[in-house]
Amino acid sequence: MELEKSYNAKEAESKHYQRWEAQGCFAPEINQNPDAKPFSIVIPPPNVTGSLHMGHALQHTIMDVLTRWKRMQGFKTLWLPGTDHAGISVQRKVVEQLGKDERKKPQDIGREAFTQRAWAWKEQFGNTITEQMRREGASVDWSRERFTMDESLSKAVREVFCTLYEEGSIYRGKRMINWCPNDKTVISDLEVSEEKKKGKLTYLIYPIEGSDKTLTVATTRPETMLGDTAVAVNPNDERYRDIIGKFVLLPLTNRKIPIIADEYVDLEFGTGCVKITPAHDPNDYEIGLRHNLEQILILNNDGTLNENAGAEFAGMDRFKARAKVIEDFETLGLLEKQDDYEITLPVCERCKTVIEPMVSEQWFCKMDGMRDMALDLMKNENLPHFSPQVPHEKVYTTWLENLKDWTISRQLWWGHQIPAWYDEAGNTFVARTYEAAKTQANSDNLTQDEDVLDTWFSSALWAFSTFGWNGEVTETDDLNDFCPTDVLVTGRDIIFLWVSRMMMTTKKFVNKTAFKDVIITGTVLGKDGKPMSKSRKNGVDPLEMFDKYGVDATRIYLASIASGADIRWNDLQIETYRNFSNKIWNATRFCLLNSEGATVDPESLKLSDDDSIADKWIISRLNKTANAVNTALERYHFHEAVRLLYQFFWNDFCDWYIELVKDEITFSSNNVSDDEDDLSIWANSEKQTKAKTRIVTIIEQSLRLLHPFMPYLTEELWGFLPATGSHLHNSAYSNADATIMLADYPKDGNIDEKAESEMQSVIDLISRVRNIRAELSIKPAEKVEIHAACNADLQQVFRENEAQILKLARANTLTLGETLNVPKASAKAVMQGAEIAVPLEGLIDFAKERERLENQINKLNVELGQLNGQLNNENFVAKAPVEKVQDLRDRVAEIENQTQTLNKTIEALK
RNA sequence: GGGCUUAUAUGUCAAUUGGUAGACAGCUUCCCUUACAAGGAAGAGGUUAGGGGUUCGAGUCCCUUUGAGCCCACCA
């Protein structure tokens with residue numbers, strides 16, 4: 001059969017995914033080996049609001065490479081997919097839609113109607129990313145797809161909540177929290193980020209009661225003075241010792257507030273006097289508690305001020321109120337000054353709205369117990385094992401050690417509503433169901449808490465809730481088989497938000513380690529070296545790359561940069577792998593054009609003595625590559641695996657092996673029809689079929705090795721190869737329909753170092769002659785004569801490969817001997833163990849040739865200088881390992897030998 | 001303020017426990033040689049950011065300066 005001249009990625013991509021899925025190849029049940037070891041990964045569930053970005057593509061590639069690799073090795077493999085309900089994001093989308101389509105607010109339609117719409121939104125738009133994953137070729141088991149708000153997962157959430165409540169870890173209380181006035185909900189510390197801005201430090205003058213003295217406080221948020229309930233000074237501050245215990249008349253309000261002493265105040269900063277707003281500042285909150293200060297809440301949920309701020313300010317936006325406070329102080333002559341000041345604002349991680357710290361009644365979760373479990377795992381068993389190891393283990397541990405209570409309630413409607421009910425008297429009943437709550441309360445008249453749980457609360461359970469655990473069901477086959485999962489692949493941004501919490505909850509609720517290894521991927525940066533973002537417009541869309549270069553090229557490129565460090569996107573690199581796809585396609589195409597009578601037969605890779613050096617060499621190289629690729633993958637060195645495969649396939653197999661055996665393989669197909677009776681051709685035929693079988697088998701093995709990285713291309717080509725079928729499957733899949741994704745992953749082949757070094761000599765010889773040709777500008781059509789002087793063994797090697805040497809070096813004759821016997825007008829070269837000459841009567845320019853040789857001597861001399869530098873160092877000779885020293889001495893001898901030869905040659909040319 | 005990462009060829013990146021720097025792309029020269037011009041052959045190109053130290057030997061370990069980036073805490 002004959003393939004198209006170049007690889008059409010789209011065509012291959014459209015063919016195989018559905019079939020794989022339909023045949024159940026992605027599900028662990030495909031594995032028929034009852035003793036198969038499990039291998040499992042749970043996907044970090046992408047938000048239903050999301051669409052695929054480069055970070056996903058990178059992580060999915062890594063997960064798929066591991067999954068496909070392990071599956072081919074015969075593991076009972078599960079990569080479990082799913083999505084996250086993404087509370088705030090979905091809520092915002094639905095609010096937006098409601099406003100646009102119907103000009104309504106959520107309150108207008110009520111909670112039930114709103115959540116119905118959210119579900120509808122999820123049904124309609126929520127599978128964008130899962131569809132995109134199909135395009136990626138992700139071999140996830142869709143039959144086990146989960147969503148964080150599935151019934152069973154929701155049940156798990158209630159179970160965990162209730163258990164933690166019952167043991168006193170979850171509690172409700174008024175605490176200082178982070179409020180997002182835009183999303184109108186509390187958010188946890190981890191969801192707050194920072195923004196540096198130029199701002200003002202404003203100095204406000206407060207009159208002291210019963211005197212004409214004043215004091216000055218400095219603030220970056222002047223409007224909060226409306227909620228001040230004290231002024232604090234340091235007890236050791238000489239300047240203010242006499243006013244401690246007195247009162248300040250707070251301007252713009254009619255309040256009298258105490259001047260208190262607290263160590264917290266920094267004598268050096270500002271004026272040394274600090275206004276204290278316990279309801280709106282974390283530090284002031286603490287001071288307020290110590291001094292029993294009143295908390296005056298002056299903000300509404302939307303960031304406007306409330307009645308507590310006074311009639312003039314009520315309903316006013318916080319930033320307008322800030323301006324007005326400053327203005328009013330100025331009018332009163334109480335504004336001392338305003339300094340330029342760089343301030344770091346806490347902002348909502350998602351919407352970048354400035355966060356207001358405030359006191360609010362929320363649900364919290366104490367983490368101490370679970371935290372200690374996770375710390376013990378790390379301390380005693382070094383779990384999870386991070387890759388790359390440093391610094392993540394240390395960061396993880398330190399973070400756990402300093403863990404504070406987690407604010408778990410959110411003022412949203414989309415999510416898991418908190419399973420707490422209140423009776424008319426305000427008593428709280430936490431229960432797994434409404435029915436149970438009613439029984440507890442002994443009342444039918446209960447109202448459920450309006451809040452939902454932080455989205456990360458359900459994500460935290462992902463490593464076991466997805467396997468069927470929900471409190472009622474606590475043992476499932478999947479839980480037994482697949483938890484702990486083997487490896488988690490994620491970015492470093494959610495080590496705290498997600499990774500640590502999964503470790504904690506999984507240990508606590510199913511007494512297992514969520515995952516043994518954690519691969520922390522680097523960030524894919526834009527071409528400008530900055531993280532990809534919409535605002536920077538430096539994003540690269542994976543789908544565009546799929547269209548432009550093909551899914552496989554994109555995947556193997558992503559794998560080639562997956563070393564753990566951040567990586568800058570580079571179109572040129574991905575093009576290399578597009579070319580690589582084409583190279584694989586065409587190498588296969590060549591073999592197929594000459595595959596008459598051949599079959600894919602792994603037996604053909606077993607060597608016998610009459611096999612040629614080239615055959616021994618390529619099989620050794622193949623085996624070495626397979627071994628190294630397996631090792632690299634075990635270490636999660638994806639870039640190294642890719643490099644090995646690329647080098648083997650392109651350099652060893654295409655550049656050398658195909659060229660070496662080309663004549664042998666193409667011979668009869670060109671000639672047999674011309675002269676069918678020629679006995680020598682028939683004599684050649686069996687040998688040739690063997691050669692053809694061997695080369696298609698090597699291709700087949702290469703495709704297997706490449707399959708985890710390039711699933712579509714390899715599947716497409718595998719199907720074209722002669723006699724591929726389920727008999728090539730790993731034994732765990734012998735009954736399944738034929739596909740490369742179930743073929744046995746190559747490993748543990750024999751390595752023949754002697755053949756490798758002999759072949760290297762052949763390659764060196766050809767390269768030397770080619771170098772002479774290129775540097776002396778000998779026309780490609782011009783055939784040369786090659787003379788080589790070397791020992792008998794090497795002569796034998798060259799003789800065995802004479803045909804190939806003549807062809808690849810474009811020569812007529814190869815003359816071998818112990819010494820060279822050539823005319824003066826010859827170009828010469830040296831290599832390890834041999835001296836080479838190419839007679840060039842009439843073609844050689846002696847001056848040019850001398851220059852060429854001197855160049856080579858210079859290169860050798862540089863190396864010699866380095867080596868002698870070391871060898872002349874007595875300490876080196878005394879202390880370095882003996883083998884090392886001997887290696888250098890051998891090399892020096894070799895160089896001296898070669899240099900001598902070259903010098904003689906130069907002399908002869910004079 | 002505390003901690004961490006990083007600096008290697010023109011570009012993007014590699015380099016096992018310290019053993020004397022590689023790949024791809026680009027560049028130069030030549031070639032449409034019946035698998036592939038998305039190709040082939042041959043080349044040039046590096047005081048591994050600067051300085052110091054440990055060592056027989058440092059891209060690799062230690063100190064330091066400078067540049068880039070990240071995390072945590074705090075900032076009246």
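Lettering follows sequence order; numbering is per chain, from 1. The model shown is predicted, which means the values in this text are computed figures rather than measured ones.
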J.: Would you say the side chain of A:E659 and the base of B:A35 hold a donor-acceptor pair, judged only by whether the two atoms sit under 3.5 Å apart?
T.: yes

J.: Can you tell me the distance, in whole Å, between the NZ atom of A:K530 and the P atom of B:A68?
T.: 10 Å

J.: Mapping A:I343 and A:V192 onto RNA chain B by nearest heavy atom, which one lands closer to the 5' end?
T.: A:V192

J.: For residues 860-872 of chain A, tabulate all N or O donor-acceptor pairs below 3.5 Å that involve a side-chain atom, not counting sequence neighbours.
T.:
from   : atom 1 : to     : atom 2 : distance (Å)
A:E863 : OE1    : A:R891 : NH2    : 3.2
A:E863 : OE2    : A:R891 : NE     : 2.8
A:N872 : ND2    : A:N868 : O      : 3.2

J.: Polar atom pairs between nucleotides 31-33 of chain B and protein, under 3.5 Å, N or O only, would you list them?
T.:
none

J.: With rounding to whole Å, what would you report as the distance between B:U10 and B:G26 at their C1' atoms?
T.: 7 Å

J.: Whole Å only: how far is the CD atom of A:E874 from the P atom of B:U55?
T.: 17 Å

J.: Assign A:E268 to base, sugar-phosphate, or nothing according to its heavy-atom contacts below 4.0 angstrom with the strands shown.
T.: nothing

J.: Dump every N/O contact between nucleotides 12-16 of chain B and the protein below 3.5 Å, one line per pair.
T.:
from  : atom 1 : to     : atom 2 : distance (Å)
B:U12 : OP1    : A:R568 : NH1    : 3.4
B:U12 : O4'    : A:N570 : ND2    : 3.1
B:C13 : OP1    : A:R568 : N      : 2.7
B:A14 : OP1    : A:S563 : OG     : 2.6

J.: Whether the side chain of A:D237 engages the backbone of A:V233 through a donor-acceptor N/O pair (distance < 3.5 Å, no angle test) should be reported.
T.: no

J.: Determine the Euclidean distance between corresponding P atoms of B:G51 and B:C74; express it in Å to zero decimal places.
T.: 41 Å

J.: Measure NE2/A:H392 against P/B:C4 and give the value in whole Å, please.
T.: 13 Å

J.: Is the side chain of A:T523 donor-acceptor paired with the backbone N or O of A:L525 at a distance under 3.5 Å, no angle test?
T.: no

J.: Mind running salt bridge (charged side-chain N to carboxylate O under 4.0 Å, His left out) on A:K662 and A:E659 for me, showing each step along the way?
T.: CA-CA 5 Å; A:K662 199 175 241 177; A:E659 297 304 328; 3.4 Å; yes

J.: Do other residues, nucleotides or ligands put more than 12 heavy atoms under 6.0 Å from A:K527 NZ?
T.: no

J.: Please measure how far the C1' atom in B:U6 lies from the corresponding atom in B:U48, and state the result in whole Å.
T.: 14 Å

J.: Starting at atom CG of A:L345, determine the distance to atom C1' of B:C74, rounded to an integer number of angstrom.
T.: 14 Å

J.: Would you indicate what A:T523 reaches in the nucleic acid, counting non-hydrogen atoms under 4.0 angstrom: base, sugar-phosphate, or nothing?
T.: nothing

J.: Assess whether side chain to side chain contact (heavy atoms under 4.5 Å, CB included) is satisfied between A:F720 and A:V696, documenting all intermediate values.
T.: CA-CA 11 Å; A:F720 292 143; A:V696 293; over 6 Å; no

J.: If the C1' atom of B:C4 is compared with that of B:G19, how far apart are they to the nearest Å?
T.: 30 Å

J.: Quick check: are there more than 12 heavy atoms from other residues, nucleotides or ligands sitting under 6.0 Å from CD of A:E634?
T.: yes

J.: Using side chain to side chain contact (heavy atoms under 4.5 Å, CB included), reason through A:I778 and A:R810 one step at a time and then give a plain yes or no.
T.: CA-CA 11 Å; A:I778 295 164; A:R810 295 185 164 266; over 6 Å; no

J.: Any luck finding a side-chain donor-acceptor pair between A:S188 and A:E191 under 3.5 Å?
T.: yes

J.: Fill in the dot-bracket string of RNA chain B, one character per base: . for unpaired, | for a pair to another strand, ( ) or [ ] for pairs within the strand, taking Watson-Crick or G-U pairs under 3.5 Å.
T.: (((((((..((((.....[..)))).(((((.......))))).....(((((..]....))))))))))))....

J.: How does protein contact run along nucleotides 37-46 of chain B, one letter per nucleotide 5' to 3', with B for base contact, S for sugar-phosphate only, - for none, heavy atoms under 4.0 Å?
T.: -BSSSSSS--

J.: Determine the Euclidean distance between corresponding P atoms of B:G45 and B:G3; express it in Å to zero decimal places.
T.: 44 Å

J.: Between the side-chain atoms of A:E194 and the base atoms of B:C71, is any donor-acceptor pair under 3.5 Å?
T.: no

J.: Looking at every heavy atom in both A:A632 and A:A641, which two are closest together, and how far apart are they?
T.: CB-N, 3.9 Å

J.: Specify the separation, in whole Å, of atom CZ of A:F269 and atom P of B:G1.
T.: 14 Å

J.: Using the P atoms only, state how far B:G40 lies from B:C36, rounded to an integer number of Å.
T.: 12 Å

J.: Just checking A:L201: base, sugar-phosphate only, or nothing, at a heavy-atom cut-off of under 4.0 Å?
T.: sugar-phosphate

J.: Say we look at B:G59 and B:G22: how far apart would their P atoms be, to the nearest angstrom?
T.: 13 Å

J.: Mind calculating the distance between NZ (A:K692) and P (B:A35) to the nearest angstrom?
T.: 14 Å

J.: For A:T576 and for A:V877, locate the closest nucleotide of RNA chain B by heavy-atom distance; then report the residue assigned to the nucleotide nearer the 5' terminus.
T.: A:T576

J.: Does any N or O in the side chain of A:R492 come within less than 3.5 Å of the main-chain N or O of A:I520, such that one atom is a donor and the other an acceptor?
T.: no

J.: What is the separation between atom CG on A:D266 and atom P on B:G1, rounded to the nearest whole Å?
T.: 14 Å

J.: Could you check whether any side-chain heavy atom of A:K530 comes within less than 4.5 Å of a side-chain heavy atom of A:N538, counting everything from C-beta outward?
T.: yes

J.: Over all strands shown, is A:Y396 touching base, sugar-phosphate only, or nothing at heavy-atom distances under 4.0 angstrom?
T.: nothing

J.: Please say whether more than 12 non-hydrogen atoms of neighbouring residues, nucleotides or ligands are located less than 6.0 Å from CZ in A:R635.
T.: no

J.: More than 12 non-hydrogen atoms from neighbouring residues, nucleotides or ligands closer than 6.0 Å to CD on A:Q886, yes or no?
T.: yes

J.: Would you kindly give the NZ-to-C1' distance between A:K884 and B:U17, to the nearest whole Å?
T.: 14 Å

J.: Can any side-chain N or O of A:N570 pair as donor or acceptor with the backbone N or O of A:L572 at less than 3.5 Å?
T.: yes

J.: Where the side chain of A:F496 is concerned, which of B:C4, B:C36, B:C72 is the nearest nucleotide?
T.: B:C72

J.: Taking atom C1' in both B:U33 and B:A25, compute the distance separating them and give it to the nearest angstrom.
T.: 25 Å

J.: Within the structure shown, what part of the strands sits under 4.0 Å from A:A878 by heavy-atom distance: base, sugar-phosphate, or nothing?
T.: nothing

J.: Enumerate the ring-ring contact (aromatic ring centres under 6.0 Å, His included) contacts for residues 564-589 of chain A, please, sequence neighbours excluded, ordered by first and then second residue.
T.: A:Y7-A:W585, A:Y557-A:W569, A:Y577-A:Y646, A:F580-A:Y646

